[in-house]
Amino acid sequence: MIALVDCNNFYVSCERVFDPRLEGRPVGVLSNNDGCVVARSNELKALGVAMGAPMHLLPPAIRRQAVLLSSNYALYGDMSRRVNLILEAFSPDVEVYSIDESFVGFSGFAVDGREAHAQRLRETVRRDTGIPVCVGLAPTRVLAKVANHLAKKQAAYQGVCLLEADAPATRARLERLPVSELWGVARRSAERLALMEIHTAWQLRQADPKQVRRHFSVVLERIVWELRGRPAIRLDDLHEPRQRIMVSRSFGRLTGAFPDLQEAVRQHAARAAEKLRDQGSQARALMVFVRSNPHLAGERQYRNSVVVPLPAPSDDSRELLAAAARGLAAIFLAGVRYQKCGVMLLDLVEADRRQLSLLAPCSEAARGRSQRLMATVDRLNREMGRDTVRFGLPRQGSAWALRCERRTSRYTTRWDELMRVKIR
DNA sequence: TCTGGGGTCCTAGGACCC
DNA sequence: TCTGGGGTCCTAGGACCC
């Protein structure tokens, strides 16, 4: 039995913990650059605001009524960590799936004690962090997702829903669930399933797995097995390092100036290099991309990317920044107003299993110096705050700087912001 | 004026091998 | 007239997730 613990309207709930005046009001949290609505309170959903709605297209009446906040990832990340600490006290088997969801192993409990245990978990998280969560219990992950969905939608469940694979009640629930609401089935697959007269989760469960695999993919076949109660989806081992690392941002405003892009690409490469060292990897290649704003008709459109191989695997910020700069120079086109750029580190290898290059031999002494330098930079930034040491100084107010005009305080990670009072 | 930022897995098809 | 039958590896792009 697996429990899916999902925080309700997570970003909004985090904001409410530190500003109870937001309770009962329509609240939204915005993406970077205050671009889109990425989290909504129930009150905001009730006003008809869709997930991902562009902020500047919201009706004025809604903008007046709602509290719309910039995202505060330092706060959400720390609150997420606190929630997971509590989950770990309830089960030795916690798989963090995203910032607001975790799968929790629930095997080993007496059959009639599972729901009560889930209720206790829910109450403890609420009491100790202030975050409301719902729990879906089922034998597979896909069914646990369905159970969680029900627990959120129907108050009668009081936040905990258990689905057995073969119970008549489960059949009734699946018959009423559109296939597109299943985890792993989105618009494209739903459209193609509809052509085969498969509209509900129950109909998909009844489909022949082999046929499904032939017409769609092994991914959808696994969903069929999971709906039948047979586990077929394993999560990646979370301790596995990432296979690629990406850092990209939209600019605060469009810019066609090469120095602006240079500066942004350098910042992204430096941040990516920190993430790379943090997971103990090195990159064998790096990708740089730039693009104009595809939403603007009449604007000259351009997008391009280039992969820059590195002579030897590296996690040295200086080498990665230099490679990124070369990549940018190769794809920059004058006369375009750019909206976004980014850097992706590719072909990652574990630092201690790195293969040395025959073509670019590098003395062990030089490697050692590089490693000590990077470790020192990372330590200073960790202990004294991000960007205490950085590679080159960005100018103030550059075009690519993010807009985030409505961010709340980083209450749990910054002493200097803890007491900052905001009057609304 | 203004539309996010990450990730994963799978498949098809090309290039190449014998 | 008529030109095989497997493999592997890599990459780009699709689809999906939060």
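To find a chain, count down the sequence lines: A is the first, B the second, and so on, and within it residues start at 1. From a predicted model like this one, the values you see are computed outputs, not experimental measurements.
Between the P atom of C:dC9 and the CG atom of A:D347 lies a distance of 15 Å, rounded to the nearest Å. Atom-to-atom, CZ of A:R271 to P of B:dG4 comes out at 20 Å; the value is rounded to the nearest Å. For A:R222 and B:dT11, the CZ to C1' distance is 13 Å, given to the nearest whole Å. Rounded to an integer number of Å, the gap from OH of A:Y76 to P of B:dG4 is 17 Å. In this structure, A:R291 atom CZ and B:dG5 atom C1' are separated by 11 Å, rounded to whole Å. The distance between atom CG of A:L58 and atom P of B:dT1, rounded to the nearest whole Å, is 18 Å. Going from atom CD of A:E274 over to atom P of B:dG6 covers 13 Å, rounded to whole Å. Per the geometry, CE belonging to A:M51 stands 14 Å off P belonging to B:dG5, to the nearest Å.
Taking side-chain N and O atoms only, A:R249 has a distance below 4.0 Å to OP1 or OP2 of B:dG6. Between A:S248 and B:dG6 there is a side-chain N or O to OP1 or OP2 distance below 4.0 Å.
A donor-acceptor pair shorter than 3.5 Å can be found between the side chains of A:E15 and A:T408. Side chain to side chain, A:S317 and A:R277 meet the donor-acceptor criterion of an N or O pair below 3.5 Å. Side chains of A:T200 and A:E175: no donor on one and acceptor on the other come within 3.5 Å. There is no side-chain donor-acceptor pair under 3.5 Å between A:H117 and A:Q119. When only modelled atom types and interatomic distance are considered, A:S102 and A:N84 share a side-chain donor-acceptor pair under 3.5 Å. With hydrogens and angles left out, the side-chain atoms of A:S70 and A:D34 include a donor and acceptor closer than 3.5 Å.
With B:dT8, B:dT3, B:dG5 as the candidates, the nucleotide lying closest to the side chain of A:S250 is B:dG5. Here B:dG5 is the nucleotide among B:dG5, B:dT3, B:dG7 with the atom lying nearest to any side-chain atom of A:K340. Of the candidates B:dG7, B:dG4, B:dT11, the closest approach to any side-chain atom of A:Q339 belongs to B:dG4. When distances are taken from the side chain of A:H56 to each of B:dG7, B:dC2, B:dT11, the shortest belongs to B:dC2. Nearest to the side chain of A:R242, among B:dG4, B:dG6, B:dG7, sits B:dG7.
A:N293 comes within contact range of the sugar-phosphate backbone alone, with a heavy-atom separation under 4.0 Å but no base atom that close. Backbone-only contact: A:N32 has heavy atoms under 4.0 Å from sugar-phosphate atoms and none from a base.
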Provide a list of protein-nucleic acid N or O atom pairs under 3.5 angstrom, restricted to nucleotides 14-18 of chain C.
{"unit_1": "C:dC16", "atom_1": "OP1", "unit_2": "A:A186", "atom_2": "N", "d": "3.2"}
{"unit_1": "C:dC16", "atom_1": "OP1", "unit_2": "A:A186", "atom_2": "O", "d": "3.4"}
{"unit_1": "C:dC16", "atom_1": "OP1", "unit_2": "A:S189", "atom_2": "N", "d": "2.9"}
{"unit_1": "C:dC16", "atom_1": "OP1", "unit_2": "A:S189", "atom_2": "OG", "d": "2.4"}
{"unit_1": "C:dC16", "atom_1": "OP2", "unit_2": "A:R188", "atom_2": "N", "d": "3.3"}
{"unit_1": "C:dC17", "atom_1": "OP1", "unit_2": "A:G184", "atom_2": "N", "d": "2.6"}
{"unit_1": "C:dC17", "atom_1": "OP1", "unit_2": "A:V185", "atom_2": "N", "d": "3.3"}
{"unit_1": "C:dC17", "atom_1": "O3'", "unit_2": "A:W183", "atom_2": "NE1", "d": "3.3"}
{"unit_1": "C:dC18", "atom_1": "OP1", "unit_2": "A:K145", "atom_2": "NZ", "d": "2.7"}
{"unit_1": "C:dC18", "atom_1": "O3'", "unit_2": "A:S98", "atom_2": "OG", "d": "3.0"}
{"unit_1": "C:dC18", "atom_1": "O3'", "unit_2": "A:D100", "atom_2": "OD1", "d": "2.8"}
{"unit_1": "C:dC18", "atom_1": "O3'", "unit_2": "A:E101", "atom_2": "OE2", "d": "3.4"}

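A cation-pi arrangement is present between A:R228 and A:W225 under the rule of less than 6.0 angstrom and at most 45 degrees off the ring axis.
Sequence order on DNA chain B of the closest nucleotides to A:M344 and A:C36 puts A:C36 first from the 5' end. Residue-to-nucleotide proximity on DNA chain B shows that, of A:N33 and A:S217, the 5′-proximal contact is made by A:N33.
Put simply, the side chain of A:D315 never gets that close to the backbone of A:G280: no donor and acceptor are under 3.5 Å apart. In terms of modelled atom types and a separation under 3.5 Å, the side chain of A:S91 and the main chain of A:G105 share a donor-acceptor contact.
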Quick one: the dot-bracket string of DNA chain B, using Watson-Crick and G-U wobble pairs with both distances under 3.5 Å, [ ] for crossing pairs and | for bases paired to another strand.
....||||||||||||||

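Salt bridge annotation for A:E274-A:R271: present, with a cationic side-chain nitrogen under 4.0 angstrom from a carboxylate oxygen.
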